Amino acid sequence: MNNFAEKLLIWFDRHGRHDLPWQQERTPYRVWVSEIMLQQTQVATVIPYFNRFMARFPDVRTLAAAAEDDVFSHWSGLGYYARARNLHRAAKIIVEQHDGVVPTTIEQISALPGIGPSTAGAILAQACNQRHPILDGNVKRVLSRYYGFTTWPGEKHTETQLWNRADELTPDKRVADYTQAIMDLGATLCTRRNPRCGDCPVENDCAAAATGQVHVIPATKPKRGLPTKDATFMMVQNSSGQVLLVKRPPTGIWGGLWTLPEVPPNENPAQWSHRVLGVALNESRTLPPFRHTFSHFHLNIKPIYSISTQRGHVMDDGAYSWYNLAETSKLGLPTPVKRLLQQLDNKETS
DNA sequence: GAATCGTGGCA
DNA sequence: TTGCCAAGATT
């Protein structure tokens with residue numbers, strides 16, 4: 001075993017994380033779900049979602065048989081909702097094509113939707129102790145510093161180099177522990193800001209530490225300012241207190257989730273609602289706007305509260321429906337929509 | 001290669 | 001308040 005892996009494993013035995021939920025009862029299914037949730041999402045955020053998800057969907061067949069809205073509702077607030085849709089799709093594929101057993105070859109698991117090169121390696125390393133390299137944000141940061149790479153890890157050539165180094169360093173034995181160890185190092189010591197080099201087991205071999213470049217590696221992504229967009233959301237209630245929600249198309253922002261109807265720019269809400277939704281508004285008033293920041297733009301959300309006399313279903317394609325406030329928790333709702341519905345609920349219960 | 005896709009924590 | 005970005009994959 002190479003020097004790097006040896007030192008890392010010794011450190012991991014004493015200082016690594018050994019009590020994460022998906023490390024207990026370490027099945028391919030549980031590891032798979034955890035790895036999907038952990039894409040671009042920190043451990044502390046994932047843990048409660050993972051526990052709730054596992055309580056509701058304890059195995060592949062349960063997940064495959066569930067309604068999509070049920071899956072989305074357990075993902076609501078976690079973000080990147082295409083992950084939930086792909087997870088659900090993959091579960092169905094596993095039931096239909098793999099007899100309900102999560103495949104454990106790199107080719108078969110990589111073919112499932114939502115599983116890329118790093119996630120595929122992570123699942124098989126963690127759950128099956130198979131020797132595969134991973135290259136997530138932690139590993140990119142650790143290896144960039146260790147080898148003194150000063151170019152941005154997202155660049156193609158740099159990423160290829162990192163994959164090659166990651167593969168070289170991955171040992172034949174204790175692959176699951178090694179994989180967890182290098183991620184733990186990146187998450188707890190070799191952090192983006194304020195790294196604790198004094199506690200690092202490989203500080204003596206680290207190029208960035210030797211040249212004093214730890215704080216400038218990894219290089220930051222070329223940045224650009226975030227554009228700002230406006231959106232008007234309608235909060236329409238009928239005389240029964242039900243609220244009108246819209247199921248969004250599967251692609252784009254909040255794909256497949258339910259949101260409040262969004263009035264197009266330069267449209268009169270009253271006319272638009274009547275023409276498009278078939279809902280006549282009795283009274284309307286604007287509520288305080290607030291800003292929601294996405295990865296690539298700011299969204300200024302302008303809520304309008306309205307009363308409608310209409311009951312029952314709107315339209316007939318299932319894209320628009322009235323919901324009682326109490327049952328909206330069963331739907332997949334993005335965070336700002338939950339916030340607006342909470343305001344309605346407070347108004348009713350107070 | 002570049003754009004897209006969420007949310008919460010942090011300085 | 002604002003910008004940055006974290007256990008990436010898909011198009």
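The basis for the numbers below is simple: all heavy atoms, side chains too, and nothing from hydrogens, waters or symmetry mates. Everything quoted here is computed from the prediction, not taken from an experiment. The sequence lines fix the lettering, A, B, ..., with proteins before strands; numbering per chain opens at 1.
Atom P of nucleotide dG8(B) and atom CZ of Arg291(A) are separated by 15 Å, given to the nearest angstrom. In this structure, CZ of Arg339(A) is placed 14 Å from C1' of dG8(B), rounded to the nearest angstrom. Distance CG (Leu143(A)) to P (dA7(C)): 13 Å, rounded to an integer number of Å. Note: CG (Asp177(A)) to P (dA7(C)) measures 19 Å, nearest angstrom. Between the CG atom of Leu78(A) and the P atom of dT7(B) there is a distance of 9 Å, given to the nearest Å. In this structure, the OH atom of Tyr81(A) is 16 Å from the C1' atom of dT4(B), given to the nearest Å. Between the CG atom of Leu38(A) and the C1' atom of dA6(C) there is a distance of 10 Å, given to the nearest Å. If you take OH of Tyr80(A) and P of dG8(B), they are 13 Å apart, rounded to a whole angstrom.
Classification of Asp230(A) and Arg291(A) as a salt-bridged pair fails, no side-chain N sitting under 4.0 Å from a carboxylate O. Classification of Arg61(A) and Asp99(A) as a salt-bridged pair holds, one side-chain N sitting under 4.0 Å from a carboxylate O.
Mapping Glu35(A) and Leu226(A) onto DNA chain C by nearest heavy atom places Leu226(A) closer to the 5' end of the strand. Each of Gly154(A) and Phe297(A) was matched to the nucleotide of DNA chain B holding its nearest heavy atom; the match closer to the 5' end belongs to Gly154(A). Between Asn194(A) and Leu257(A), the residue anchored closer to the 5' end of DNA chain B is Leu257(A), taking for each the nucleotide with the nearest heavy atom.
Here Leu20(A) lies in heavy-atom contact (under 4.0 Å) with a base. Using a 4.0 Å heavy-atom distance criterion, Thr293(A) is classed as a base contact. Residue contacts shown for Gly252(A) are limited to sugar-phosphate atoms, with no base heavy atom under 4.0 Å away. Contacts of Trp75(A) with the nucleic acid, taken as non-hydrogen atoms under 4.0 Å apart, are absent. Residue Ile134(A) is out of contact with every strand shown, counting any heavy-atom pair closer than 4.0 Å. Heavy atoms of Pro336(A) sit under 4.0 angstrom from primed sugar atoms or phosphate atoms, though from no base atom.
Below the 3.5 angstrom threshold, one finds a donor paired with an acceptor across the side chain of Thr41(A) and the base of dG6(B). At a cut-off of 3.5 angstrom, counting only N and O atoms as typed in the model, there is no donor on one side facing an acceptor on the other between the side-chain of Arg192(A) and the base of dA11(B).
For the P atom pair drawn from dA7(C) and dA11(B), the interatomic distance equals 16 Å after rounding to whole Å. With both ends at atom P, the span from dG6(B) to dT1(C) equals 25 Å, rounded to whole Å.
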*Between Glu267(A) and Arg275(A), does a salt bridge (charged side-chain N to carboxylate O under 4.0 Å, His left out) hold up when you go through it step by step?*
CA-CA 11 Å; Glu267(A) 284 274 4; Arg275(A) 189 174 74 249; 3.0 Å; yes

*Could you walk me through whether Arg30(A) and Asp59(A) pass the salt bridge (charged side-chain N to carboxylate O under 4.0 Å, His left out) test, one step at a time?*
CA-CA 8 Å; Arg30(A) 289 170 58 87; Asp59(A) 52 59; over 6 Å; no

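Residues His88(A) and Phe72(A) place their aromatic rings such that the two centres sit no closer than 6.0 Å. Side-chain rings of Phe50(A) and Trp22(A) approach one another, their centers coming within less than 6.0 Å.
The side chain of His296(A) lies closest to dT4(B), out of dA6(C), dG6(B), dT4(B). Closest contact between the side chain of Phe294(A) and the listed nucleotides dA9(C), dA7(C), dG6(B) involves dG6(B). With dT10(C), dG3(C), dA7(C) as the choices, the nucleotide that has an atom nearest any side-chain atom of Gln180(A) turns out to be dA7(C). Side-chain atoms of Pro334(A) lie closest to dT7(B) of the nucleotides dG8(C), dC5(B), dT7(B). The side chain of Thr335(A) sits closest to dG8(B) out of dA7(C), dG8(B), dA9(C).
Put simply, Arg193(A) has no side-chain N or O that comes within less than 4.0 Å of OP1 or OP2 on dC5(C). For Tyr49(A), no side-chain nitrogen or oxygen approaches OP1 or OP2 of dT7(B) to under 4.0 Å. For the pair His292(A) and dT7(B), the criterion of a side-chain N or O lying under 4.0 Å from OP1 or OP2 is met. The side chain of Trp254(A) places an N or O atom within less than 4.0 Å of a non-bridging phosphate oxygen (OP1 or OP2) of dT7(B). In terms of phosphate contacts, Gln39(A) brings no side-chain nitrogen or oxygen within less than 4.0 Å of OP1 or OP2 of dA7(C). At least one side-chain nitrogen or oxygen of Thr119(A) sits closer than 4.0 Å to the OP1 or OP2 atom of dA9(C).
In summary, the side chains of His157(A) and Glu155(A) do not present any donor paired with an acceptor at a separation below 3.5 Å, with no hydrogens or angles considered.
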